[in-house]
Amino acid sequence: MSTNYLQDLNQEQRRAVAHTDGPLLVVAGAGSGKTRIITYKITHLIKQKLCQPDQILAVTFTNKAAEEMRKRVEQLLFPLPSIPLISTFHSFGVRVLRRHARLLGYQPDFVICDTEDQTRILKKVYELLGFESGDLPIREARSVIGKLKNRSWDSEPEPQDDSEISPFYPIYERYQRLLKESNAMDFDDLIQQTVRLFQEHQDVQESYSRRYRYLLIDEYQDTNPPQYQLVRNLASTHQNITAVGDEDQAIYRFRGADIRNILRFESDFPGAAVVKLEQNYRSCQNILDAATAIVSNNLERKPKTLWTENPCGDPIDVYAAGSAHDEAFFVARQTEQCLKDGESGIGILYRANFQSRHFEEIFGRFGIKYRLVGGVGFYHRKEVRDALAYLRAVYNPHDNLALLRIINAPPRGIGKVTLDRLYAMSEDSQTSLWDTLVSGIEAGAFPGRSQRALQTFLGLIETCRGFRDLPLHLFLEQILESSGYIEALMKENTEEASNRRLNLQELVNVARENVDRGQNLQSFLDSTALHSETDDYDQTASVTLMTLHNAKGLEFPIVFLVGCEQGLFPHSRSLSEDGLEEERRLCYVGVTRSKKKLFLTYCQRRRFFGSDSEEVGQPSCFLGEIPSHLTRVSGSEVENTSPSYDYSSESSDPPFFEEDSSGSQSPDSWGEGSSTEAFDGRFIRGARIEHPKYGRGRVLQVQPAGDDIKVTVKFPGLGIKKMLQSYARLRLV
DNA sequence: ACACTGTGAGTTTTT
DNA sequence: CTCACAGTGT
């Protein structure tokens with residue numbers, strides 16, 4: 001068996017796989033065999049004996065993608081003497097950092113904290129610095145910190161040149177210090193600290209660069225500056241890098257991803273070869289045409305032409321639903337029909353997680369089995385996180401974050417007053433909470449009741465430490481018993497509590513599987529921290545609900561892209577600046593997930609925040625970018641429940657889909673560019689605005705009023721005001 | 001210390 | 001609607 005596997009590839013793909021020496025950029029359009037390139041190239045390198053398997057490093061963004069590749073490589077190459085490292089950026093970071101943590105002043109058993117931990121830490125920071133969440137909501141503080149960490153290669157951010165961020169720099173500084181003191185890293189640190197390690201310790205960098213002689217990077221368009229720098233560091237000694245990507249599918253700018261990384265690859269890596277893959281093997285012609293038409297409105301891209309030999313396929317169905325409920329109903333009915341026809345592999349894709357609710361509800365009523373990816377996942381449940389914190393705290397009591405989480409869960413009489421005291425003492429003595437607690441109890445530093453409660457807690461942790469040598473799952477079971485956690489749930493005697501118990505049982509099962517695979521506590525904790533919900537997504541489920549972001553890299557015979565409304569998709573918060581191009585790419589990603597059949601739906605009215613009335617919405621401007629001969633439009637009628645929404649004087653029912661003789665099925669607001677002129681960056685539903693007198697508010701409703709536009713705005717604390725756009729000097733924020 | 005209540009505020013996307 | 005929080009009462 002020599003080079004048979006090359007027969008599966010087209011000419012361009014073969015060129016990409018056969019190029020083994022030096023930098024290579026593979027510009028791979030949607031559905032053109034991106035994953036195939038990486039897996040076959042790994043195969044090629046090994047079969048041609050260009051290196052040992054364990055000298056190959058392939059980096060992806062999601063565990064799911066990594067797993068998929070591992071599986072495929074295994075299939076291609078039977079038994080292997082060693083295995084290539086196929087890993088996500090983050091888990092690669094963890095791997096390196098666990099080994100060299102001390103060089104950076106961390107302990108090797110550092111903790112990985114996620115968004116929830118970040119929030120807890122930030123609350124503490126606010127408390128310490130006297131910040132109010134009114135000054136800057138914690139959510140935004142997180143994003144400011146993320147920006148600081150992700151925008152540059154070096155680890156010391158320069159705040160002074162950014163007036164928008166510099167007032168909040170103390171928050172960043174204190175946050176980072178608390179993290180360090182807790183021996184913790186957030187997700188961004190996992191990359192950034194790795195880069196720092198490489199910068200400060202050239203020898204370490206070189207050893208990794210020499211160790212991995214061939215580098216393959218998936219989804220290169222989504223790399224942010226630290227990741228980019230990491231890649232360059234790894235390639236430094238050999239430049240054997242294969243970057244695979246597609247700038248049209250760059251959808252992680254909010255995470256600091258910089259599309260220019262892929263656009264300037266050739267100048268970054270002199271002598272780079274470039275291969276373009278333009279044949280699409282996935283979608284029908286109609287779908288591909290629609291996708292191409294949409295994305296060609298973007299300016300920030302290299303033009304390319306995707307083509308396919310696949311049949312034309314059905315027209316794209318566009319459905320104008322009356323309400324979100326109606327939309328879900330329509331999708332459920334269509335889905336039911338598809339299932340009856342023996343179809344499987346139906347994807348319901350949406351912009352934002354909260355949209356899933358209606359579909360879950362209606363699908364439940366229809367008896368349609370579905371799988372939900374994302375949302376509040378297993379590892380984010382309170383009880384699961386508590387249990388993991390117990391593991392951490394018992395294993396290492398100096399883990400402040402874990403200790404704080406479980407010290408009073410279940411309630412055992414250690415409240416805020418006691419905790420504040422403990423915290424202050426720990427600040428004074430510069431020791432961990434645990435040490436402070438131990439010495440404080442000895443010194444009798446607490447009032448009687450707290451003293452006894454803390455004493456009990458201390459005894460509990462010490463008892464649990466006695467179980468440390470048990471296999472992980474038994475260890476966990478023991479802790480849950482001894483801590484009284486299970487008992488407290490039993491006492492509650494509600495359905496919710498019994499669900500929680502089931503979840504904990506499930507966690508014990510996961511732990512057992514880990515033991516069976518020979519993994520230790522540390523790797524168990526790592527995998528739970530880096531786990532994402534996409535990971536256990538099962539290809540065999542016939543109906544799947546997920547966000548567009550989660551859908552990247554997947555494909556479905558049938559796709560429903562729902563909620564195609566101005567303000568939701570494109571999202572109102574991305575309308576200012578050039579965020580619209582990114583939304584358009586997201587739309588491109590969504591459309592190209594589909595193999596044979598695509599439905600696009602939107603709601604003419606949607607409830608916001610579960611408010612009492614449904615507000616009028618405009619169809620997504622992306623719908624207007626699809627040539628009308630590719631679509632088939634239908635819709636449900638909207639009853640005129642509220643006179644203020646009455647559009648009937650302007651068009652007959654259904655309002656947006658008047659059949660006219662000019663041949664265009666599109667309403668006026670769709671036409672090329674016109675919707676963009678009227679609404680892009682303006683005051684659409686959901687947008688946040690600022691009024692010179694009332695301050696900040698949110699647009700609830702927009703309606704035409706003669707030549708002007710009437711805008712309804714909710715100002716927090718002040719109530720709802722209606723105003724005309726031309727008079728009110730509104731500004732987007 | 002904690003369980004309860006009402007208030008008010010907030011929904012992009014993720015490792 | 002659903003979460004987090006403040007303020008109540010025990």
Side-chain angles (χ1 to χ4, degrees), chain A residues 59-66 87-94 112-116 118-120 123 133-134 137-140 142-143 146 149-150 185-192 219 222-224 226-227 250-257 324 349-358 361 373-377 379-380 382 408 410-419 447 449-450 453 492 526-527 529-535 546-552 563 567-575 579 582-583 585-586 589-590 606-612 686 688 698 714 716-717:
Chain A
V59 184
T60 65
F61 277 82
T62 64
N63 295 308
K64 172 74 194 161
S87 158
T88 64
F89 270 106
H90 290 86
S91 53
F92 179 75
V94 171
I112 302 166
C113 50
D114 65 7
T115 354
E116 197 191 313
Q118 280 185 297
T119 304
R120 293 167 86 99
K123 277 184 186 153
S133 60
I138 300 251
R139 268 193 14 255
E140 294 189 22
R142 271 205 324 255
S143 117
K149 290 192 177 189
N150 282 327
M185 297 197 201
D186 63 21
F187 285 132
D188 296 330
D189 284 335
L190 296 178
I191 313 295
Q192 218 203 9
E219 310 276 15
D222 285 328
T223 50
N224 63 26
Q227 287 164 336
I251 56 175
Y252 284 103
R253 205 178 59 140
F254 68 90
R255 198 163 68 183
L349 312 182
Y350 38 81
R351 176 70 235 262
N353 277 308
F354 76 91
Q355 292 173 260
S356 69
R357 268 197 49 232
H358 295 282
E361 189 192 319
V373 178
V376 200
Y379 290 103
H380 289 290
K382 182 179 178 302
N408 204 32
R412 48 173 74 89
I414 305 173
K416 184 159 171 26
V417 180
T418 312
L419 276 181
R449 230 178 12 187
S450 311
E492 263 189 59
D526 282 352
S527 65
L530 297 177
H531 179 99
S532 78
E533 300 307 315
T534 339
D535 299 349
M546 69 174 104
T547 62
L548 288 161
H549 283 86
N550 272 322
K552 188 154 81 147
L568 186 59
F569 187 36
H571 195 273
S572 60
R573 295 187 68 156
S574 57
L575 281 179
E582 174 132 325
E583 295 285 301
R585 290 191 290 268
L586 197 51
V589 168
R606 183 184 289 275
R607 243 179 258 276
F608 243 134
F609 303 131
S611 66
D612 36 353
R688 285 159 198 276
R698 184 197 284 281
K714 181 182 172 192

Under 4.0 Å, counting only non-hydrogen atoms across every strand here, what does A:F569 touch: a base, just sugar-phosphate, or nothing?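 Nothing, no heavy atom under 4.0 Å.
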What does A:R449 touch in the nucleic acid at a heavy-atom separation under 4.0 angstrom: a base, only the sugar-phosphate, or nothing?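 No contact.
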As a test of reading the structure: which of [options] is closest to the side chain of [X], going by heavy atoms?
X      : options                : answer
A:V417 : B:dA1, B:dT14, B:dT12  : B:dA1
A:N408 : B:dC2, B:dA1, B:dT15   : B:dC2
A:K123 : B:dT12, B:dT14, C:dC5  : C:dC5
A:T418 : B:dA1, B:dT14, B:dT12  : B:dA1
A:Y252 : B:dT14, B:dT11, B:dT12 : B:dT14
A:P411 : B:dA3, B:dT12, B:dT14  : B:dA3
A:T88  : B:dT14, B:dT15, B:dT13 : B:dT15

So, does the side chain of A:H571 form a donor-acceptor pair with the base of B:dT12 at under 3.5 Å?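 There is none.
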Looking at [X], does any N or O in its side chain come under 4.0 Å of the phosphate oxygens OP1/OP2 on [N]?
X      : N      : result
A:N353 : B:dT12 : no
A:T547 : B:dT14 : yes
A:R573 : B:dT12 : yes

Using the P atom in both, what is the distance from B:dT13 to C:dA4, to the nearest Å?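 Those two atoms are separated by 16 Å.
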On a whole-Å scale, what distance lies between the C1' atoms belonging to B:dT11 and C:dA6?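 Going atom to atom, C1' in each nucleotide, I get 22 Å.
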May I ask whether A:F254 stacks on the base of B:dT13, given the cut-offs of 5.5 Å between ring centres and 30° between planes?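 Whether judged by distance or by angle, A:F254 passes, so it stacks on the base of B:dT13.
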What's the [atom1]-[atom2] distance between [X] and [N], to the nearest Å?
X      : N      : atom1 : atom2 : value
A:L530 : B:dT15 : CG    : P     : 10 Å
A:I138 : C:dC3  : CD1   : P     : 19 Å
A:N63  : B:dT15 : CG    : P     : 8 Å

Got [X] and [Y] here, is their nearest side-chain heavy-atom distance under 4.5 Å?
X      : Y      : result
A:Y379 : A:D114 : no
A:L530 : A:F187 : yes
A:Q192 : A:N150 : no

Starting at the 5' end of DNA chain B, which residue's closest nucleotide do you reach first, A:Q118 or A:R412?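 The residue whose closest nucleotide sits nearer the 5' end is A:R412.
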Nearest nucleotide by nearest heavy atom, which residue falls closer to the 5' end of DNA chain B, A:R139 or A:G413?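 Result of the comparison: A:G413.
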Could you pull out all residues at least two apart from A:T88 that satisfy side-chain hydrogen bond (donor to acceptor under 3.5 Å, both in side chains)?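 In terms of side-chain hydrogen bond (donor to acceptor under 3.5 Å, both in side chains), with neighbours along the sequence ignored, A:T88 is linked to A:S91.
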Scan side-chain atoms only and decide if A:T119 and A:R142 contain a donor-acceptor pair under the 3.5 Å cut-off.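 A donor-acceptor contact under 3.5 Å links the two side chains.
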Distance (rounded to the nearest 0.5 Å) between A:S572 OG and A:E583 CD: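 Atom-to-atom, A:S572:OG and A:E583:CD are 9.0 Å apart.
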